[in-house]
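In what follows, chains are A, B, ... by sequence order, proteins preceding strands, each numbered from 1.
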Amino acid sequence: MLLNKKLSFIMSQRVKIKQILLSDRTNYEVTVKGWVRTFRNNQFIALNDGSTNNNLQVVVNEADMDPALFRRITRGAAIAVTGEIIPSLGKGQKVELKTAVLEILGDCDAEVYPIQPQKQSLEFMREIAHLRFRTNTFGAVFRIRHSLAFAVHQFFNEKGFVYLHTPIITASDAEGAGEMFRVTTLDMKKPPLNEKGEIDYKEDFFGRATNLTVSGQLEGELGAMAFGDIYTFGPTFRAENSNTARHLAEFWMIEPEMAFYELKDNMDLAEEFIKYVIRYSLEHNREDLDFLAQRLLDEEKQKPQADRSPMGLIEKLEFVLNNEFMRITYTEAIDILKNSKPNKNKKFQFPVEEWGTDLQSEHERYLVEKHFQKPVILTDYPAAIKSFYMKQNEDGKTVRAMDILFPGIGEIVGGSQREENYDKLVKRMEELQIPVEELYWYLDTRRFGTAPHAGFGLGFERLVLFVTGMTNIRDVIPFPRTPKSAEF
RNA sequence: UCCUCCUUAGCUCAGUUGGUUAGAGCAUCUGACUGUUAAUCAGAGGGUCGUUGGUUCAAGUCCAACAGGGGGAGCCA
């Protein structure tokens, strides 16, 4: 495997390509390991090791090499190269690696390797999700996803929040947040039955029916009533038959819960939080963001002028940072929509007529993308269209809910101040036929030292969508789970 | 789940009013070149036109069902 006799090079430290490209240093020996992106002119290897979207140009001299080894330098192959970093003799890069020793770590049959140096569709990439990390686009997306996740923890840590791990498997199916996935070890062919002929979950692993969590909020509230401020950040499961570019059956959600917070504090925190993580990404993922911005720009060129977005990706992120989110109540939103041009001209599929109905996607989009042209926080929704745990307003009609709506994404945050009054909460649960006895542990927070508190849930993938400028949520989670699809 | 569109080579796509042997670019292979930047040049191989059934003298092209995928809607984060 050795190219020549300079054995001392073998001992060189492996260095990540990002580090080499960041530095102006030259004339030193390194070992790099990565995957061949392209091999040009039988001479130039574009090597990528995942540390950055940029490739290191590795220069090989065919004459110096064993022909059998040379032929194994193919697109996709894993290689280790030792040599000297020198100022590049060609244009297009500052430095390059002059090969002394090259080793094939893993061959790649280029004939069947599906990733090619040309434009390939995102739909096709989803079918090869196990390999798509090796492309520029997905490399950028998932490095940004990592940064955002890190920034989430850093933000809450700086604020003194406790990261609370709420359970993945839950026994309550009373949260009303959607269809749940059943968790069981019972024999599906012949499950044990009780006297009534129903499946006897007493025989099941936990001695009761259990499901995958749809939200950590209720448990989160228990933590908030001890630590003051907590957050969760974990997987969440919804068995809804949702087939959209914004829904997943398995997704990651961030749910802070704060004691002694009222609705306004809740909104302030959510806005500060979103801006913090976006700023973090702008500061730490500039190369990847620039790549995605360029990609988006190229894509926009295919579209007719009218459909093109007025802002580039970076501009859009900076715009969000530099402007306050618009805060209006549901009632104000209805007024705006009622008097809006599309409503008067009957352009809405669902005309806005009366107070009390839920807003449709087209209405939310109008408010965010046309009327205000910035993120909007909608508050004080009718109680009838919101969850049982939200704090009831004095008007007897509305609750202290808040949803944050983002352009192109829709609802990115849903939250509320919680009803801390035991009697009001129980009354509301009874009205909605939520089993009060089953949730005794939740109600105990209202019996023992209850306090005003609030919180929200932020869909992590929707945040990643916004920051990366991608448009399908399946492209911002490594292995998407959607109805009829759980490959890899 | 509903509406709508799509499915042709490994990938990205052409394929006319149904009519001989289904095309291109890239990728792959062979050769050339050797400071290239999605390298270039020459040549070669590569297709059950998503599946099944139907209409027709004749179907990639028309019809139906099914499968997979895209976009939109609902549910929501």
Given the rule in the ring-ring contact (aromatic ring centres under 6.0 Å, His included) test, do A/H130 and A/F479 qualify, once you have shown the distances and angles that lead to the verdict? CA-CA 8 Å; A/H130 57 307; A/F479 304 104; 8.6 Å; no
Where the side chain of [X] meets the backbone of [Y], is there a donor-acceptor pair that is under 3.5 Å apart?
X	Y	value
A/R238	A/V214	yes
A/R75	A/E111	no
A/E369	A/P407	no
A/E364	A/L405	no
A/N343	A/V352	yes

Mind checking [X] for me? I need base, sugar-phosphate or nothing, with any heavy atom below 4.0 Å counting as a touch.
X	answer
A/L248	base
A/N472	sugar-phosphate
A/S121	sugar-phosphate
A/E62	base
A/F124	sugar-phosphate
A/Q57	base

Indicate, yes or no, whether a donor-acceptor pair under 3.5 Å links the base of [N] to the side chain of [X].
X	N	answer
A/S242	B/rC76	no
A/Q93	B/rU36	yes
A/Q120	B/rG10	no

To the nearest angstrom, how far is [X] atom [atom1] from [N] atom [atom2]?
X	N	atom1	atom2	answer
A/E487	B/rG69	CD	C1'	14 Å
A/M180	B/rC76	CE	P	15 Å
A/N41	B/rA32	CG	P	14 Å
A/E299	B/rU12	CD	P	14 Å

Counting heavy atoms from C-beta on, name the nucleotide in B/rC75, B/rA39, B/rG72 closest to the side chain of A/A245.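 So the nucleotide nearest the side chain must be B/rG72.
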What's touching nucleotides 26-31 of chain B from the protein side, N or O pairs under 3.5 Å?
unit_1: B/rC26; atom_1: O2; unit_2: A/Q118; atom_2: NE2; d: 3.2
unit_1: B/rA27; atom_1: O3'; unit_2: A/R75; atom_2: NH2; d: 3.1
unit_1: B/rA27; atom_1: O2'; unit_2: A/R75; atom_2: NH2; d: 3.2
unit_1: B/rU28; atom_1: O2'; unit_2: A/E111; atom_2: OE1; d: 3.3
unit_1: B/rU28; atom_1: O2'; unit_2: A/E111; atom_2: OE2; d: 3.4

Which label fits A/Y330 and A/Y381: parallel for a plane angle under 30°, tilted from 30 to 60°, or perpendicular past 60°?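 Tilted, since the angle between the ring planes falls between 30° and 60°.
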